[in-house]
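Heads up, the thing below is written out as structure tokens.
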Amino acid sequence: MYCLQWLLPVLLIPKPLNPALWFSHSMFMGFYLLSFLLERKPCTICALVFLAALFLICYSCWGNCFLYHCSDSPLPESAHDPSIVGT
């Protein structure tokens, strides 16, 4: 499972605090995963383990899913700061 060492850290990268950057972040992560899967062609077991971990993180809405923002999870306190979000 050598290929998992390049996939599992992707799950630990936090989303940016600024909600305006969430789309750019999710597009970057999506393209990174797609290019990784096309270039490295990981084994089936590694791909299934990674997809299961991604599904569980996104399904539980812990706030680290880069695909979307769960409506139940509140925004971080710093996201309401006008100096960070901007006008």
Identify each donor-acceptor pair in which a side-chain atom of residues 27-37 lies under 3.5 Å from a protein atom, sequence neighbours left out, and give them as a table.
unit_1: Ser35; atom_1: OG; unit_2: Phe31; atom_2: O; d: 3.0
unit_1: Ser35; atom_1: OG; unit_2: Tyr32; atom_2: O; d: 2.9

_Can you tell me how far apart SG (Cys46) and CD (Gln5) are? Round to the nearest 0.5 Å._
10.0 Å

_Run the ring-ring contact (aromatic ring centres under 6.0 Å, His included) test against Phe55 and tell me which residues pass, sequence neighbours left out._
Tyr59

*Applying the 4.5 Å side-chain criterion to the ILVMFWY set and letting contacts propagate, would Val10 and Trp6 be lumped into a single cluster?*
yes

*asked:* Is there a continuous path of hydrophobic side-chain contacts, each under 4.5 Å between heavy atoms, that joins Leu7 to Leu48?
replied: no

